[in-house]
Amino acid sequence: MSRYSAAEIEAKWQKAWDEAGIFRAERSRDKPKYYVLEMFPYPSGRIHMGHVRNYTMGDVIARYRLSTGHSVLHPMGWDAFGMPAENAAMASGGHPKDWTYGNIADMRGQMKPLGLSIDWSREFATCDPEYYGQQQALFIDFLEKGLVYRKNAVVNWDPVDMTVLANEQVIDGKGWRSGAEVEKRELTQWFFKISDFSEELLEALDGLENWPAKVRLMQENWIGKSRGIEIPFERTDADDPIICYSTRPDTMRGASFIAISPEHPVSRELAKDKPELAAFIAETRKMDTTEAAMEKAEKKGIDTGITVRHPVWPERELPVWVGNFVLMDYGTGAVFGCPAHDQRDLDFARKYGLEVRNAFYLPGQEKDVETEALVPAKTETVVYIDHFAGVGEATSQEGIDATIDWFEEKGLGTGQVKYRLRDWGLSRQRYWGCPIPVVHCEACGVVPEKKENLPVELPYDEGGTPIDFSIPGNPLDRHPSWRDCKCPSCGAEARRETDTMDTFVDSSWYFARFTAPDADTPTRMEDAEYWMNVDQYIGGIEHAILHLLYSRFFARAMHICGHLPEKAIEPFDALFTQGMVTHEIYQTKDDKGRPVYHLPEDVTDGKLADGTPVEVIPSAKMSKSKKNVVDPVNIIEAFGADTARWFVLSDSPPERDVEWTAAGAEATFKHLARVYRIVSEIAGDTSPANASEDEALAKDMHRAIHDVTGGVESFGFNAAIAKLYGFTNTLAKSGAGAEAKKAAAKVLAQLMSPMTPHLSEELWSVLGGEGLVAQERWPVADEAMLTDDNVTLPIQVNGKRRAEISVPKDMDKAEVEKVALAHEAVARSLDGAQPKKVIVVPGRIVNVVV
RNA sequence: GCCCGCGUGGUGGAAUGGUAGACACAGGAGACUUAAAAUCUCCAGGCCGAAAGGCCGUGCCGGUUCGAGUCCGGCCGCGGGUACCA
């Protein structure tokens with residue numbers, strides 16, 4: 001008997017699968033299809049444990065479906081455009097294209113030893129001109145259907161580097177490289193009309209039954225449907241009213257000011273003659289553009305000096321303020337402030353000495369708001385104070401509805417349904433992305449490139465001179481031979497659009513492209529018809545909103561343009577969001593108390609070489625800066641892919657984070673070596689049959705089939721693996737005859753095969769199995785073998801467990817009650833008291849209530 | 001700030017509202033061995049107790065229920081997202 005050599009076994013079986021070509025996805029008339037997809041990786045250059053976990057989970061599903069007789073599509077590609085490639089080129093010379101394709105080759109090389117059941121013939125990268133050319137064709141189709149348009153929008157502008165910054169590149173309001181204070185700048189940019197689909201994207205969430213409820217809820221909140229009202233407030237100094245939007249118009253009595261956005265036309269107009277207002281607006285332009293920064297920033301405002309009339313009590317004049325917290329993008333860019341019923345308004349009012357006036361009280365608590373705003377839930381009952389529509393005691397929702405009705409009847413306002421979801425700005429002022437295929441012509445305006453001229457390919461150099469990425473800004477802007485072109489419509493001199501597309505565009509339709517990666521149109525209908533939808537999509541929870549929402553929009557838009565069948569407008573039938581892989585970090589503090597991280601190999605017995613004690617912090621997200629990255633390549637070299645695969649599946653439920661531990665990996669290897677040993681022994685066993693032992697083993701085997709199958713189908717991989725440990729232990733100790741043991745061992749090899757495919761092939765062949773276990777039909781549990789004649793019932797007295805009885809499984813309730821009450825431990829704990837009630841849950845529990 | 005999660009032994013975790021701690025790691029005891037490694041067997045939530053057994057226990061406080069890790073309300077801590085990181 002030889003010992004378990006992962007390296008040998010894994011190379012051998014990967015070659016066998018390759019030669020048999022069993023993972024090539026083929027359309028089949030007589031097999032059901034199954035499309036399993038993991039979110040494709042960004043080619044950073046190294047695979048990490050998170051990738052191993054993600055792709056192993058997908059592989060378990062893909063291999064399981066292969067063995068249940070499906071025609072499986074399990075592809076892999078690269079989300080290859082993006083900032084890091086440009087940053088690398090900026091930092092160390094070189095070209096984003098070379099950097100990216102080099103990384104792809106490296107990562108493919110690191111990934112292949114994992115033994116994933118991927119159809120590599122379908123591989124593509126989003127930076128392949130064949131891919132982004134089709135994306136440009138989609139853009140032109142979207143343009144034709146009115147799904148894309150141009151408007152102005154603000155970006156982060158670095159005034160020193162003269163370049164647009166991503167939010168990530170803005171640190172504490174300053175440019176990450178220049179350190180200059182970042183400004184907002186307005187540019188004309190392209191937008192997808194995703195907001196036209198707000199209602200549809202919201203409603204369709206209900207149908208996504210196999211998505212996590214939390215993801216659907218996050219998307220629902222993101223789309224943010226609200227019913228409110230637009231109310232014009234008459235200006236005392238001018239004709240045009242200021243229209244405010246409110247979802248809580250029932251608080252109207254408490255309105256004490258109105259606040260408008262710094263971008264509001266009225267703000268701009270008034271700023272012309274008011275330098276201090278202009279200065280305030282300029283100041284707000286220095287803020288981060290992120291929502292988090294805006295919300296957390298101190299709420300500031302400035303009195304414009306103008307006033308408006310309260311729409312219900314026109315004698316009340318309300319001051320108009322410009323507030324840095326009012327968003328121009330949402331509603332009308334103007335709100336009325338009701339300090340008594342909104343904490344932010346209250347803080348604002350206290351700061352600037354504005355009036356605080358209640359619109360309602362809580363029943364029986366008639367007191368005015370002082371430091372804490374009274375913000376009732378919509379279902380909560382309040383007592384309105386001289387409500388104009390005569391509402392007294394009512395829930396807030398009733399108050400809101402009555403208010404909206406009253407305003408509409410009087411013609412003082414218009415009920416409105418609004419969505420928080422904004423249109424998707426796709427323009428990026430960067431090189432390494434998909435060029436937006438339009439041309440700007442002085443005579444014809446914005447003209448789409450002709451489809452026969454696609455792809456509009458990124459220039460690699462400029463007339464043989466390499467592009468210089470060390471100069472900040474978009475190199476396409478200073479690339480005349482690419483930028484200057486002829487108008488596709490009139491042929492006059494024109495300028496190519498130099499903005500490229502957001503990388504979210506690339507990842508919004510790749511799943512569709514995988515169904516026909518060689519097609520000379522974005523998709524090929526017959527392939528899309530066969531393979532769509534993705535039956536199981538797997539990826540990180542960090543994509544719960546943007547990527548998934550954009551993909552849902554894209555699928556709809558592609559359907560409208562005839563690139564996807566109607567059934568594919570919700571492209572992902574089932575979604576699973578997996579957790580991260582974490583690892584402990586080794587930390588000391590420098591003399592200023594800042595953390596310093598250390599590599600594991602520099603730490604011995606909790607100390608550095610110089611004796612400094614090191615603090616060990618568990619469960620930190622793996623990152624280079626924290627020096628806690630475990631490279632899967634090292635693990636595969638030391639223990640083999642099967643060990644890495646088994647470990648990332650075994651130690652935590654898939655939706656939760658898993659902590660990588662060296663000890664855990666070693667223990668996994670020992671376990672796999674043990675299975676190899678046990679099965680090798682069984683293969684040479686000749687013991688005679690033993691009826692009762694054979695029967696007992698068979699029962700355990702069917703139980704294992706049942707539990708492992710259930711685990712694999714419901715993403716209970718860790719639970720499935722626990723069952724496999726149990727079944728291995730039973731098999732090792734079983735006194736059954738050789739035939740029964742061999743049968744059980746073959747089933748063990750099959751049940752393990754989605755997780756440890758190489759070892760399973762080896763076990764299968766050692767046991768004399770024919771062909772590849774990867775192609776073997778998945779075993780089916782015999783229901784009759786799963787039940788026992790007797791059940792063990794715990795007996796509780798007042799909810800505390802006191803005894804246990806074993807009774808026939810079909811014994812009737814009265815009989816069970818009798819047996820339970822007769823139990824000595826129950827009698828002791830009753831201590832002569834008469835039970836008030838006895839609850840018997842058949843097959844579950846008995847509870848005696850005293 | 002706002003939205004969404006998560007919190008169970010020394011550790012990772014298991015548990016359709018029904019015996020909390022399956023399975024595994026680390027640990028302890030033993031077998032085998034000249035010895036070590038490897039392997040095998042057994043023990044193991046905490047406290048009290050010789051044992052039988054008892055009490056406590058799923059982040060904290062409260063509620064619903066015959067029964068709550070699980071459902072509801074309120075806190076605390078951690079994580080993800082927050083529209084130009086992918």
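Here is the naming used below: chain letters follow the sequence lines, and residue numbers restart at 1 for every chain. Quantities reported herein were computed from a predicted structural model and do not represent experimental measurements.
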Could you list the donor-acceptor pairs under 3.5 angstrom formed by side chains in residues 543-552 of chain A, with sequence neighbours left out?
residue: A:His547; atom: NE2; partner: A:Tyr537; partner atom: OH; Å: 2.7
residue: A:Ser551; atom: OG; partner: A:His547; partner atom: O; Å: 2.9
residue: A:Arg552; atom: NE; partner: A:Glu570; partner atom: OE1; Å: 3.0
residue: A:Arg552; atom: NE; partner: A:Glu570; partner atom: OE2; Å: 3.1
residue: A:Arg552; atom: NH1; partner: A:Leu201; partner atom: O; Å: 3.3
residue: A:Arg552; atom: NH1; partner: A:Gln219; partner atom: OE1; Å: 2.8
residue: A:Arg552; atom: NH2; partner: A:Leu201; partner atom: O; Å: 2.7
residue: A:Arg552; atom: NH2; partner: A:Glu570; partner atom: OE2; Å: 2.8

Using a 4.0 Å heavy-atom cut-off to protein, can you give one letter per nucleotide of nucleotides 2-10 of chain B, 5' to 3': B if the base is in contact, S if only the sugar-phosphate is, - if neither?
-SSSSS---

Summarise protein proximity over nucleotides 18-28 of chain B in one line of letters, 5' to 3': B for base, S for sugar-phosphate only, - for none, counting protein heavy atoms closer than 4.0 Å.
BB--BSSS---

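Listed by chain and residue number, A:Ala259, A:Val326 satisfy the side-chain contact (heavy atoms from CB on, under 4.5 Å) test with A:Val335 (two or more places apart in sequence, or in another chain). Checked against salt bridge (Lys or Arg N to Asp or Glu O under 4.0 Å), A:Arg828 has the following partners two or more places apart in sequence or in another chain: A:Glu824. In this view, A:Arg53 satisfies the salt bridge (Lys or Arg N to Asp or Glu O under 4.0 Å) rule with no residue, not counting sequence neighbours. With sequence neighbours left out, A:Met90 forms a side-chain contact (heavy atoms from CB on, under 4.5 Å) with A:Asn87, A:Arg177. In terms of the side-chain contact (heavy atoms from CB on, under 4.5 Å) criterion, residue partners of A:Thr247 (sequence neighbours excluded) are, by chain and number, A:Ser226, A:Tyr245. Residues forming a salt bridge (Lys or Arg N to Asp or Glu O under 4.0 Å) with A:Arg216 (at least two apart in sequence, or on another chain): none. Annotation: side-chain contact (heavy atoms from CB on, under 4.5 Å) contacts of A:Ala704 (sequence neighbours excluded): A:Phe727, A:Leu751.
Nucleic acid contact for A:Glu655: none, since no nucleic acid atom lies under 4.0 Å from a heavy atom of the residue. A:Gln219 comes within 4.0 angstrom of nothing in the nucleic acid, heavy atoms only.
To the nearest angstrom, C1' of B:U39 lies 11 Å from CD of A:Glu681. Atom C1' of nucleotide B:U39 and atom NZ of A:Lys733 are separated by 14 Å, given to the nearest angstrom. Between the NZ atom of A:Lys800 and the C1' atom of B:C66 there is a distance of 14 Å, rounded to whole Å. Between A:Gln578 atom CD and B:G80 atom P there is a gap of 14 Å when expressed in whole angstrom units. Atom pair A:Asn798:CG and B:A68:P shows a separation of 11 Å (rounding to whole Å applied). To the nearest angstrom, C1' of B:A86 lies 12 Å from OH of A:Tyr510. One atom, CD of A:Glu542, and another, P of B:A86, lie 13 Å apart when rounded to the nearest Å. Put simply, CG on A:Asp506 is 14 Å from P on B:C84, counting in whole angstrom units.
Distance from the side chain of A:Val164 is smallest to B:C84 among B:G53, B:A86, B:C84.
Among pairs with a residue in residues 664-675 of chain A, those fulfilling side-chain hydrogen bond (donor to acceptor under 3.5 Å, both in side chains) read A:Arg674-A:Asn729, at least two apart in sequence or across chains.
The glycosidic torsion of B:G57 lies more than 90° away from 0, placing the base in the anti range.
Checking the phosphate oxygens (OP1, OP2) of B:G12, no side-chain nitrogen or oxygen of A:Ser652 falls inside 4.0 Å.
In this structure, A:Lys193 forms a cation-pi arrangement with A:Tyr149, its terminal cationic atom sitting closer than 6.0 Å to the ring centre and no more than 45° off the ring axis.
Ion pairing between A:Arg703 and A:Asp707 holds under the 4.0 Å rule for side-chain N and carboxylate O.
Between A:Val849 and A:Leu165, the one whose closest nucleotide on RNA chain B sits nearer the 5' end is A:Val849.
Side-chain rings of A:Tyr131 and A:Trp78 stay apart, their centers remaining 6.0 Å or farther from each other.
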Can you give the dot-bracket line for RNA chain B, where a pair is Watson-Crick or G-U wobble with both atom distances under 3.5 Å, crossing pairs use [ ], and | marks a partner on another strand?
(((((((..(((.....[....))).(((((.......))))).((((....))))..(((((..]....))))))))))))....

